[in-house]
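Sequence lines set the chain letters: A, B, ... in the order given, protein chains first and strands last, and positions in each chain run from 1.
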Amino acid sequence: KFTFNTVILSFTKTKSMAEAQKCFQEMTELKIKPDVVTYGTLINGFCNVGAVSNAIAMFEKIIKGGFTPNIHTYTSMVNALCKMRRLDDAKKLFHDMVSKGYVPNSVTYNVLIDGYCKHGHIDDALKLKKLMAAKGLKPNVFTYCTLIDGICKVGMVSQAYEIFEEMIANECHPNIVTYSSLINGLCKAGKVDEAAKIFEEMIKQGQAPDVFTYSCLIDGYCKEGMLEKAQSLLKEMSSKGCIPN
RNA sequence: GCAGGUAACAGAA
């Protein structure tokens, strides 16, 4: 069973859902009982290729079959619905889940926070962050990255920066995604100089910029017409072993 | 038989 689960997971990671399903079938033919992980892996796999209807079908099938989903299963489904822009359905499932006695963990909150952010519902996202804190779940790097990106994207870069400061004050260490999101936000707001400062800061903090980080800043410089800066960054990234794509 | 190992969240163009 563990072997099959691992193989199925590999197929879902390479987005080969046909292979994953074949593997699942093979496993049942061998009378090996799929478990909650097997179903969870498949559901998440379907979600990641945008086949949310397959995910929902499988979710309903296992429930009808008397199988008990766990928090991972629900979280995957909530995430899928959010990514499909079906925020209301996602919220509904979240509440169903809670009313059935499941306790959302930080990933569950994070996916819903991301859903709210991607819809521009920043107030609701922040409320959810408060709620998770009230439940004793500390916002983590994912929570902060999600919020910083979301808040930047509704054009409230200075508020995003406040969240960034809050995360540092709460001893949650910014990572490459945090810095890149903030740099992107600042660049898109035309604040390339500030973005460059954050870029320096991240290096000072021992976080090596990657292709995403460089792309954000290079794009920022280009859009401001600062082409020399853009070119020197392009050179710099190659010299630091970060291959431009 | 027991224990352990497997699945869910964030960034650019």
Side-chain angles (χ1 to χ4, degrees), chain A residues 1-13 20 23-24 27 32 34-48 52 55 58-59 62 69-83 90 93-94 97 102 104-118 125 128-129 132 137 139-153 160 163-164 167 172 174-188 195 198-199 202 207 209-223 230 233-234 237 242 244-245:
Chain A
K1 184 173 78 188
F2 290 118
T3 317
F4 271 102
N5 282 355
T6 305
V7 175
I8 291 173
L9 174 65
S10 309
F11 281 128
T12 63
K13 290 249 194 272
C23 202
F24 174 74
M27 141 180 222
I32 299 170
D35 64 3
V36 69
V37 175
T38 320
Y39 290 119
T41 308
L42 284 167
I43 286 174
N44 196 46
F46 283 128
C47 295
N48 289 339
V52 181
M58 170 143 280
F59 185 71
I62 66 175
N70 64 11
I71 192 69
H72 283 246
T73 327
Y74 274 105
T75 303
S76 290
M77 288 301 302
V78 172
N79 190 34
L81 291 168
C82 286
K83 296 292 182 299
L93 190 62
F94 181 88
M97 182 191 93
Y102 290 89
N105 60 24
S106 36
V107 179
T108 322
Y109 281 105
N110 288 345
V111 303
L112 200 53
I113 288 175
D114 187 53
Y116 279 128
C117 283
K118 295 274 179 340
L128 213 48
K129 173 182 152 259
M132 78 186 274
L137 293 169
N140 62 17
V141 199
F142 280 83
T143 323
Y144 284 116
C145 288
T146 305
L147 284 167
I148 289 170
D149 178 63
I151 297 176
C152 282
K153 286 194 172 133
I163 298 285
F164 178 72
M167 101 183 258
C172 177
N175 65 12
I176 188 167
V177 177
T178 324
Y179 285 114
S180 300
S181 304
L182 192 57
I183 288 169
N184 183 45
L186 288 164
C187 287
K188 294 284 190 295
I198 301 291
F199 185 81
M202 81 180 277
Q207 296 281 347
D210 67 0
V211 192
F212 277 54
T213 328
Y214 278 107
S215 301
C216 295
L217 198 51
I218 290 174
D219 185 55
Y221 279 131
C222 287
K223 299 225 161 103
L233 261 187
L234 186 60
M237 72 183 284
C242 181
N245 60 10

- request: Could you check which of B:A8, B:A12, B:A7 has an atom nearest any side-chain atom of A:Asn245?
  value: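 Of the candidates, B:A12 comes closest.
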- prompt: Across the strands shown, which category fits A:Val78 at heavy-atom distances under 4.0 angstrom: base, sugar-phosphate, nothing?
  reply: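 Counting heavy atoms under 4.0 Å across all strands, no contact is made by A:Val78.
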task: For A:Lys188, answer base if it contacts any base atom (sugar-phosphate contacts may also be present), sugar-phosphate if it contacts only those atoms, and nothing otherwise; contact means non-hydrogen atoms under 4.0 Å.
output: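 Touches sugar-phosphate only.
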Return the set of residues passing side chain to side chain donor-acceptor pair (under 3.5 Å) with [X] (not counting sequence neighbours), or none when no residue passes.
X	result
A:Asp35	A:Asn5, A:Thr38
A:Asn140	A:Asn110, A:Thr143
A:Thr12	none
A:Tyr214	A:Glu236

Write down the distance between [atom1] ([X]) and [atom2] ([N]), rounded to a whole number of angstrom.
X	N	atom1	atom2	value
A:Asp219	B:A13	CG	C1'	7 Å
A:Ile62	B:A8	CD1	P	16 Å
A:Phe24	B:A7	CZ	P	18 Å
A:Met58	B:A8	CE	P	16 Å
A:Asn5	B:G4	CG	C1'	15 Å
A:Phe199	B:A12	CZ	C1'	13 Å
A:Lys13	B:U6	NZ	C1'	10 Å

- prompt: What about A:Ser215: does its side chain form a donor-acceptor pair under 3.5 Å with the base of B:A12?
  reply: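 Side chain to base: pair found, below 3.5 Å.
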message: A side-chain contact here means heavy atoms from C-beta on lying under 4.5 Å apart; do A:Thr108 and A:Met97 qualify?
response: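 A side-chain contact under 4.5 Å exists here.
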Nucleotides 9-11 of chain B: which of its N/O atoms have a protein N/O under 3.5 Å away?
unit_1 : atom_1 : unit_2   : atom_2 : d
B:C9   : O2     : A:Asn110 : ND2    : 2.6
B:A10  : O4'    : A:Thr146 : OG1    : 3.4
B:A10  : N1     : A:Asn175 : ND2    : 3.0
B:G11  : OP1    : A:Lys118 : NZ     : 3.4
B:G11  : O4'    : A:Ser181 : OG     : 3.4
B:G11  : O3'    : A:Lys153 : NZ     : 3.3
B:G11  : N1     : A:Asp210 : OD2    : 3.0
B:G11  : N2     : A:Ser180 : OG     : 2.5
B:G11  : N2     : A:Asp210 : OD1    : 2.9
B:G11  : N2     : A:Asp210 : OD2    : 3.4
B:G11  : N2     : A:Thr213 : OG1    : 3.4

message: Just by distance, no angles: are the side chains of A:Asp210 and A:Thr213 close enough, under 3.5 Å, to form a donor-acceptor pair?
response: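 Yes, a side-chain donor-acceptor pair sits under 3.5 Å.
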field: Pairs where residues 106-116 of chain A contributes a residue and the test salt bridge (Lys or Arg N to Asp or Glu O under 4.0 Å) is met, not counting sequence neighbours
entry: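 Every pair satisfying salt bridge (Lys or Arg N to Asp or Glu O under 4.0 Å) with a residue in residues 106-116 of chain A: A:Lys83-A:Asp114, A:Asp114-A:Lys118.
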